[in-house]
Amino acid sequence: MKGKYYITTAIAYTSGKPHIGNTYEAILTDSIARFKRRDGYDVFFQTGTDEHGQKIEEKAALNGKTPQEFVDEVAQGIKNLWDMVDVSYDKFMRTTDKYHEKQVQKIFKKLYEQGDIYKGAYEGHYCTPCESFWTDSQLVDGKCPDCGRPVVKAQEEAYFFKMSKYADRLIKYYEDNPDFIVPVSRKNEMLNNFLKPGLQDLCVSRSSFKWGIPVDFDEKHVVYVWLDALTNYITGIGYDADGNNTELFNKYWPADVHVIGKDIVRFHTIYWPIFLMALGVPLPKKVYGHGWLLQDGGKMSKSKGNVIYADDLVSYFGTDATRYYVLSEMPQDNDGLISWEAIIEKINSDLANVFGNLVSRTIAMTNKYFGGYVYNKNVTDDVDNDLKEVVTLAYSKVVKKMDEFKIADAISEVMTIFRRANKYVDETAPWVLAKDESKKDRLATVLYNLTESIVIGASLLEPFMPSTALKTVAMLNTNLRPYEDIETFGLYPDGALITDKPEILFARLDAKVVLEKVNAMIAERAKEAESKKAESIKEVAPAKPQIEFDDFSKVELKVGLVTACEKVQKSNKLLKLTVKIGDEVRTVVSGIAKTYEPDYMVGKKLVLVTNLKPVKLCGIESQGMIICAENAEGKICFCSPEVDIEDGSQIF
Ligand code: ME8
């Protein structure tokens, strides 16, 4: 064994079915894990799901499920998808795992007790989809800098982690470990955009939603998702905050590489190392932030029905062609493109014409000329040397590319073997040799050299296309070549008998036929999305008769500022709010207690009807009505002005 190798993917959010971009990451990481295993490392490969947070809580409600039911279903779907594309994980980690939850609570408490976490109040711009707070200066055009969506102003009592305390140590770690962040452009971005300007303390708890790991000494709070999510890398292998780490942890930590997407490099190369420093745990050796796989010719969108999912690709092209496309099309340090047209083209050019063709004609000629026997007659020619050199030098080139996480380049090195072998067929023209009985041994040698090249090539192809590699060597009646023997040409057994019923590995695809089917599928999905949307609008907003403007103008609507708020005793639905409306202060009772905590409401600006006749609710006179939206599942939210405007302002 060359040593241990612990590799992880990011854990996918269980907010819905992952598209091909998320799946790409699992395939990418799998190819590295498989390569390291073949190369003699003792590998532990962890992937999994990130299951807490406000967005997931909301999605569950929209689907009429409890959060736990919802994440159980989505996590199982993700696991099935990973299995479908042959992701050879050793552990599928879920953040709703009980051991993980317990450890996160212990970690939080430990960091609080040692003074790294403190209680404060947070005010900022919050992006719900990204679960991130942003400062004014971080916003781009007033929107979330990560996803570009609108943010909301929010304030709440929260716990914070003192990030700045560790910034200098982290900068030193970057200096001492220049390869910590791959590619280097992302390291420069972290240093220049975040570390050098000075780190802000990080909010590590939330109290405005419930679906998270409770802070056990202050149950109003749940642990903010990043502290929960990042620690999966250590809890998944048995880290214990009390010091009773498992054997697995002692053996595999620190991670050799965390493979993640470019959007979460900041979390993995700043917050994560700092959390670990605070816990006194060694830091991961490397973080590889890969680019994104983007849809060619327009954004993927559910309503357009054109989101590409891995299971669709597998049903059209099979697992290995899907893996091949995404791995060979993604550069190491940039984004890559995907489209149905490009996949078909790639399958035809590389897999059918180069690889499939080589295997099928080698097998066919061996059967035709030698009844399926492969003989090494050692009748050599100069032209053999170049083939042998290309084949035997491939391994070291692939190792180098894999070490640099240049996966597309590594595959290209493997494909060079098959391209060179096809050229060798043209150079040696076996069908000409076959016509001359005196050239029989030369013909046997040529076919032997081709068979041996295919076996070595297939063995190097296994990390990227596992079942194709296995099928290929099985047809040649042998096993994958161990990598310690892969630089030696000529180990294929003399006189072996290969299959006489070869399977066509990759048939040429007719682009027109495939694209017609795909377009019909996309149109069908767009129709489904449209009718779903129409249905939900119908449910939420039953039509009311039209009114005149005069009817509407009878209603007085104003902006109010909540200055105090408490629960109404004997009711689990009602909150009593004190609302300042310009020079007036009113008491308003509102049925929003199931969604909002009293503390959360204080300081909020909202819209209320100010000329409704007062009513008594649970014995309290309500002098106004807060305007709320309610969706089909009964989820409620109050309406507030889009920008900060004085309370008392009239709404018309
Ligand atoms: O970020 N191409 O989860 P996630 C390539 N739960 N990779 C992509 C991609 C694309 N088009 N879109 C997303 C999360 N990704 C957190 C991680 S880790 C402690 C917590 C990548 O489901 C993305 O960059 O949104 C991330 O690495 C992974 O998919 C999961 O994304």
Side-chain angles (χ1 to χ4, degrees), residues 7-30 46-56 59 71 74-75 77-79 81-82 85 87 92-97 100 104 127-132 144 146-149 186 204 212-213 223-236 255 257-273 275-276 284 287-296 298-301 306-310 325-327 329-339 405 407-408:
I7 182 167
T8 64
T9 66
I11 45 173
Y13 281 130
T14 46
S15 45
K17 180 177 172 176
H19 54 62
I20 186 64
N22 309 112
T23 315
Y24 157 70
E25 182 176 292
I27 296 174
L28 163 72
T29 312
D30 180 65
Q46 181 168 297
T47 183
T49 41
D50 187 356
E51 306 193 357
H52 294 122
Q54 186 171 6
K55 192 176 163 196
I56 290 167
K59 276 271 173 114
V71 297
V74 179
I78 293 176
K79 197 161 181 254
L81 209 52
W82 277 202
V85 291
V87 176
F92 192 94
M93 172 72 191
R94 298 182 54 189
T95 54
T96 48
D97 173 274
H100 172 78
V104 170
C127 174
T128 308
C130 297
E131 318 254 8
S132 290
C144 171
D146 267 356
C147 72
R149 280 178 273 217
R186 303 208 199 280
V204 287
I213 302 173
V223 178
Y224 169 63
V225 285
W226 280 103
L227 183 59
D228 166 3
L230 288 162
T231 47
N232 94 85
Y233 300 128
I234 52 175
T235 61
V257 61
H258 293 311
V259 179
I260 52 151
K262 61 178 185 178
D263 57 321
I264 52 173
V265 170
R266 179 167 59 103
F267 298 98
H268 284 77
T269 60
I270 296 180
Y271 304 143
W272 179 225
F275 289 150
L276 289 168
V287 173
Y288 169 38
H290 60 76
W292 270 23
L293 189 56
L294 304 173
Q295 181 131 336
D296 200 1
K299 239 177 118 52
M300 289 198 233
S301 111
N306 67 348
V307 181
I308 300 183
Y309 296 106
Y325 182 84
V326 293
L327 293 173
E329 274 306 298
M330 285 290 295
Q332 183 240 29
D333 57 354
N334 220 325
D335 293 336
L337 289 178
I338 186 164
S339 71
F405 303 108
I407 313 303

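Remember, predicted model here, so these are calculated numbers, not experimental data. In listed order, ligands and their atoms are each counted from 1.
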Worksheet item: So F275 and Y271, would you call those rings parallel, tilted or perpendicular, with 30° and 60° as cut-offs?
Response: tilted
**Message:** Counting only nitrogen or oxygen atoms and a 3.5 angstrom limit, does Y233 reach ligand 1?
**Reply:** no
* Contact with ligand 1 for G291, non-hydrogen, under 4.0 angstrom -> yes
Backbone of D50 reached by a side-chain donor or acceptor of T95 within 3.5 Å
no
For I260, the ligand 1 atoms with a heavy-atom partner under 4.0 Å come out as 27 (O)
Heavy-atom donor-acceptor pair, E329 side chain to L293 backbone, under 3.5 Å:
no
In this structure, CG of L28 is separated from CD1 of I7 (nearest 0.5 Å) by 7.5 Å
Could an N or O of ligand 1 be found under 3.5 Å from any N or O of H268, whether backbone or side chain?
no
Exercise for review: Decide yes or no for H52 and I213: does some side-chain heavy atom of the first lie under 4.5 Å from some side-chain heavy atom of the second?
Suggested key: yes
Ligand 1 atoms nearer than 4.0 angstrom to some heavy atom of H290 are 5 (C), 7 (N)
Ligand 1 atoms nearer than 4.0 angstrom to some heavy atom of A229 are 19 (C)
Per-atom filter on ligand 1: closer than 4.0 angstrom to a heavy atom of D263 are 23 (C), 24 (O)
| said: For the backbone of A75 and the side chain of E51, can you confirm whether one donor and one acceptor N or O come within less than 3.5 Å of each other? | reply: no
Counting only nitrogen or oxygen atoms and a 3.5 angstrom limit, does E25 reach ligand 1? yes
- Task: Output yes when the distance from some N or O of ligand 1 to some N or O of L293 is under 3.5 Å, and no in every other case.
- Result: yes
Between Y233 and H268, how do the two ring planes meet: parallel, tilted or perpendicular, split at 30° and 60°? tilted
- Query: Would you say ligand 1 has an N or O under 3.5 Å from any N or O of A12?
  - Reply: no
The answer for which part of D50 has a heavy atom under 4.0 Å from ligand 1 is side chain
- Query: If we only count N/O pairs under 3.5 Å, is G261 in contact with ligand 1?
  - Reply: yes
Original post:
Are any of the N/O atoms in G21 less than 3.5 Å from those in ligand 1?
Top reply: yes
Taking every heavy atom of Y24 against every heavy atom of L327, the minimum-distance pair comes out as CE1-CD2, 4.5 Å
Between ligand 1 and W292, is the shortest N or O to N or O distance under 3.5 Å? yes
Interatomic distance, NE2@H290 vs CG@D263, rounded to 0.5 Å, equals 8.0 Å
Could you tell me whether a side-chain N or O of Y288 sits under 3.5 Å from a main-chain N or O of Q332, the two making a donor and an acceptor?
yes
| message | If we only consider heavy atoms of W226, is any one of them less than 4.0 Å away from an atom in ligand 1? | response | yes
